[in-house]
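Owing to the predicted nature of the structure, the values given are computational and were not obtained by experimental measurement. Order of appearance sets the numbers: ligands from 1, and atoms from 1 within every ligand.
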Amino acid sequence: MKFLKSTLSVLAMGLLLFTLAACKVTSVANEDIMERTEKSPEIVWGVKYDTRLFGMMNVATSEVEGFDIDIAKEITKEILGEDAKATFVEVTSKTRIPLLKNGNIDAIIATMTITDERKKQVDFSDVYFDAGQSLLVKKGSKITRVEDLNGETTVLAVKGSTSAINIREHAPDAKILELENYAEAFTALQSGQGDAMTTDNAILLGMASENPDYTLVGGNFTKEPYGIAIDKGQTDFTQAVNQALTEMHKNGTYDKVYKKWFPDTTDGKVE
Ligand code: GLU
């Protein structure tokens with residue numbers, strides 16, 4: 001009887017393992033993106049929803065708009081054809097790499113600087129935009145350059161951004177308050193929780209254009225080349241994205257999108 005019981009439980013265990021193995025599907029984080037798009041022509045992009053000029057939710061239309069969004073739409077068309085779908089999922093500086101690694105999104109196009117540290121986790125496309133870190137202050141502020149950020153001042157930055165790391169190097173004495181996203185950081189600046197806010201010039205320009213009481217000061221003190229981040233192992237997809245970017249530079253699509261969002265610059269760079 002004892003023997004029968006243990007034989008039965010071994011058999012039951014074997015059956016369970018067999019069933020689990022049969023049910024095993026490739027997890028989304030491991031599937032090959034290019035193979036999947038052959039069956040269903042769609043790319044899921046992680047984008048900002050609160051960053052004017054790059055990725056901003058338009059509440060009137062419920063559509064997210066910006067330079068990153070238009071570049072993502074054009075890359076999608078370039079790789080998969082006119083009828084392909086570009087789907088957008090909100091990310092913040094802090095959530096973007098975890099969402100990519102979990103397979104929730106296929107790629108990040110969200111004001112993301114290419115850095116050696118990030119390259120340990122993700123691959124990057126070629127550079128598609130050149131930014132640099134700067135400061136935003138209320139007009140008339142006594143802060144006019146990064147050297148003015150001393151132990152008496154608080155500077156606002158966003159969690160998970162290069163800006164939050166770089167500012168510690170460039171203003172080692174300043175107090176730093178890190179917020180969850182750019183909308184919160186700007187609200188904190190407006191309510192006087194900080195004396196300056198720091199991130200890329202192009203992001204700050206978007207805020208200043210909407211809020212004329214605020215201005216950029218001190219020029220750029222870092223280089224922030226933006227890349228599209230893709231999970232490691234998706235080499236065919238990364239190659240396809242780079243090919244699409246090259247083609248868009250050749251056929252004028254890139255310039256058209258650039259001029260739409262940055263009409264005041266002529267040399268292809270926001271300085
Ligand atoms: N480009 C910088 C970064 O990748 C700042 C902008 C952002 O937080 O997305 O961290």
Side-chain angles (χ1 to χ4, degrees), residues 45-57 64-72 88-101 104-105 107-136 146 149 155-171 174 176-189 194 196-210 214 216 218-231 258 261-262 269-271:
W45 298 91
V47 298
K48 296 280 181 75
Y49 271 32
D50 71 343
T51 306
R52 198 166 296 285
L53 301 178
F54 287 90
M56 184 78 168
M57 179 47 82
V64 60
E65 297 167 351
F67 178 76
D68 281 345
I69 308 304
D70 284 352
I71 293 289
F88 298 109
V89 171
E90 182 178 11
V91 300
T92 66
S93 305
K94 194 176 85 176
T95 64
R96 58 193 161 191
I97 291 183
L99 285 170
L100 184 72
K101 301 300 277 184
N104 298 64
I105 51 180
I108 303 167
I109 182 159
T111 65
M112 187 169 183
T113 301
I114 301 169
T115 69
D116 287 340
E117 198 52 36
R118 288 173 178 164
K119 276 189 194 164
K120 290 179 193 160
Q121 291 180 279
V122 298
D123 288 338
F124 281 101
S125 70
D126 298 334
V127 177
Y128 73 93
F129 188 87
D130 278 305
Q133 188 169 345
S134 192
L135 297 174
L136 185 74
V146 72
L149 295 168
V155 58
L156 305 160
V158 165
K159 288 179 190 169
S161 67
T162 51
S163 336
I165 299 167
N166 298 336
I167 196 65
R168 293 187 157 80
E169 221 176 90
H170 287 84
I176 295 152
L177 180 59
E178 290 188 32
L179 287 303
E180 290 300 320
N181 56 48
Y182 286 102
E184 274 185 25
F186 187 62
T187 307
L189 181 66
M197 172 180 169
T198 188
T199 188
D200 301 338
N201 55 346
I203 298 176
L204 297 175
L205 276 173
M207 292 173 179
S209 69
E210 280 289 294
Y214 291 83
L216 273 77
N220 298 346
F221 52 89
T222 70
K223 283 195 190 323
E224 306 291 329
Y226 291 177
I228 296 165
I230 295 166
D231 202 3
Y258 192 94
W261 293 101
F262 306 102
K269 276 194 182 131
V270 176
E271 291 292 349

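Using a distance-only test at 3.5 Å, with no hydrogens or angles considered, no donor-acceptor pair links the side chain of D200 to the main chain of A131. In this structure, R52 contributes its side chain and E210 its backbone to no donor-acceptor pair below 3.5 Å. Looking only at distances, no side-chain donor or acceptor of Q133 sits under 3.5 Å from a matching main-chain atom of T222.
Residues lining ligand 1 at a heavy-atom distance below 4.0 Å are given as K48, S93, R96, A110, T111, M112, T113, R118, S161, T162, S163, Y182, T199, D200, I203, Y226, ordered by chain and residue number.
The only option from E184, E180, E178 that meets the side chain to side chain donor-acceptor pair (under 3.5 Å) definition with K159 turns out to be E180.
Remark: K120 pairs with E117 by the salt bridge (Lys or Arg N to Asp or Glu O under 4.0 Å) rule, at least two apart or across chains.
In summary, the aromatic rings of F129 and F262 are positioned with their centroids under 6.0 Å apart.
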